[in-house]
Amino acid sequence: MWKRGLIVGALVAAAAIAPGCSRHQAPAQSEADAYKAAKAAYYKAESPEEKAKIGERYLEQYPGGAHAAGMADLVIEYRGKELGEPDRAFATVDGALQKTTDPELRFELGMELLPLSYEVKKPLDLAEITRGLEASRPLTFNENLDVMEAAVKHSNWALAQAHADLALAQATPETYRADHPNSKANDAKIKRAVNRRTTFALAYKAWAQFNLGQQQEAMSLFKQADGGATFNYLGVCDTPLRRFWGEAELAQGNWDRASELLEPSALFGADQAALADLRQAYAGRHGSEAEFDAYLWKERERRARKVDDFELPDYKGVKHALSAEEGKVTYLAFWFPT
Amino acid sequence: MPRLQPLYEKYRDRGFRVVAVEATHDTETAKKFIADKGLTYTFLEDNDDANVVRGLFDVHSFPTAYVIDRRGKIMYYHLGFEPGDEKAIAKQIETLL
């Protein structure tokens, strides 16, 4: 969830300022200096150990600091994942969470820590974290989406459904405009964005309903939601709708229907979960997985989209058309330097 | 991006190419990066008129990559690049060569 790129991408090459004696400085000033110093140190840091320590030092000094969630992300990523010390990472971030009373920060830190908390078998209470923030203000659409996503991951269907209903109420042009006050989007673009919000919310609502035993209602809600489904360049549904619907059909043993719904994201969405589901549907249909790879290949060939041609200059100003070297196998990458 | 260089060198003589399109017009940083890492495959720069990345391909998460066969069909998709992905990509390239 946290955009570590914010730290990396918005670098300020500030001189490392030692926090100094905080008794003589207003706390906010010290935290800002500490964060500046942390960013500068991160820019220079090379090892995961150094990067983890930057986050750990900040959280030790400023557990309730404005940048705690980003620093928690450093600790979780580098101490927890890369250095393989998840328990230690959990202890650090949970320690900071315990010292934080601000509901906004508790929510951010809690959401950041949630996956790791499950990994180390000390699961945080997602409902409690969410209620804390809701006591001070309603969640935004994106926050509701984050909660739905986490709730579904940890099978908290009632919570997922509750937040899907909240999100559905926020699928209006007025709410969208209020959430994006500086947006210059025209009515058509806003209509599309609102439609996407609706589809997201309905997908989660239907999936929660299905798992709460209301299968008939869920199936008809999936069908309804599919009317507004949108797809990316590769024909993959750009909300979880078809993946959830596919899993529902799979649970009911409808192998053909499940395959149809799951194929695009399994083949062209780099979705390992959908691929595993597709394998299950295949085995259900054929009684064995023996020819699954051959089937995958055949489906890829059948569904693959031909890439659009385009022409762009290289860094010497020479124009290149993608089609100029047709006949080659191409790895086409879209990137930006960090 | 640097992890694509060994793949490029290994397969280029068998009819493989890498085309990298930079999405943010950060020309100087990109040029420095390419030079620093010694990357020799094709680098192109997008612009607002062509609007290839966000307009034509509707890409908003980076890095996004397509593995395209000899007929121009997009056979595989990659989002992000974790260590070890090179092995999977090499396998995909070999199936298409």
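Labels below follow one simple rule: chain letters A, B, ... track the order of the sequence lines, proteins then strands, and each chain is numbered from 1.
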Could you measure the distance from the CG atom of A:Asp271 to the OH atom of B:Tyr77? Nearest 0.5 Å is fine. 10.0 Å

Which region of B:Val52, side chain (C-beta onward) or backbone (N, CA, C, O), has a non-hydrogen atom less than 4.5 Å from a non-hydrogen atom of chain A, or is it both or neither? side chain

Distance (rounded to the nearest 0.5 Å) between A:Tyr315 OH and B:Thr42 OG1: 12.0 Å

A:Trp335 side chain reached by B:Glu22 side chain, heavy atoms, under 4.5 Å: yes

Hey, what do you get for CZ (A:Phe310) to CG (B:Leu44), rounding to the nearest 0.5 Å? 6.0 Å

Between B:Leu4 and chain A, which part of the residue has a heavy atom less than 4.5 Å away: side chain, backbone, both or neither? side chain

B:Ala50, part contacting chain A, at a heavy-atom distance under 4.5 Å: side chain

For A:Tyr331 against B:Val67, the heavy-atom pair lying closest together: CD1-CG2, 3.9 Å

Candidate list B:Arg70, B:Arg12, B:Arg17, test salt bridge (Lys or Arg N to Asp or Glu O under 4.0 Å), partner A:Glu325, passing option: B:Arg17

Of the options B:Phe57, B:Phe43, B:Phe81, which is the one that meets A:Phe334 in a ring-ring contact (aromatic ring centres under 6.0 Å, His included)? B:Phe57

So how far is it from B:Ile68 CD1 to A:Lys306 NZ, rounded to the nearest 0.5 Å? 10.5 Å

Can you tell me how far apart OH (A:Tyr233) and OG1 (B:Thr64) are? Round to the nearest 0.5 Å. 13.0 Å

All heavy atoms of A:Pro313 vs all of B:Asn47, minimum pair found to be CD-ND2, 4.3 Å

Would A:Lys328 and B:Tyr11 count as a side-chain contact (heavy atoms from CB on, under 4.5 Å) here? Give the steps. CA-CA 11 Å; A:Lys328 287 199 174 172; B:Tyr11 295 111; over 6 Å; no

Given the rule in the side-chain contact (heavy atoms from CB on, under 4.5 Å) test, do A:Leu234 and B:Tyr66 qualify, once you have shown the distances and angles that lead to the verdict? CA-CA 10 Å; A:Leu234 296 178; B:Tyr66 302 150; 3.7 Å; yes

Hey, which of B:Lys32, B:His78, B:Arg14, B:Arg71 has the most heavy atom pairs under 4.5 Å with chain A? B:Arg71

Decide if atom CD of A:Glu291 counts as having more than 12 heavy atoms of other residues, nucleotides or ligands within a radius under 6.0 Å. no

Largest heavy-atom contact set with chain A, pairs under 4.5 Å, which of B:Leu7, B:Ile89, B:Leu79, B:Ile93: B:Ile89

Using non-hydrogen atoms and a 4.5 Å limit, figure out which bit of B:Met1 sits close to chain A: side chain, backbone, both or neither. side chain

Ring geometry between B:Phe62 and A:Phe336 (parallel below 30°, tilted from 30 to 60°, perpendicular above 60°): perpendicular

Which bit of B:Val59 comes within less than 4.5 Å of chain A, counting heavy atoms only: side chain, backbone, both or neither? side chain

Quick one: what part of B:Thr95 sits under 4.5 Å from any heavy atom of chain A, side chain, backbone, both or neither? both

Roughly how far, to the nearest 0.5 Å, is CZ of A:Arg303 from NZ of B:Lys73? 12.0 Å

Below 4.5 Å, heavy-atom pairs only: which of B:Val53, B:Asp58, B:Val19, B:Thr24 has the largest tally toward chain A? B:Val19

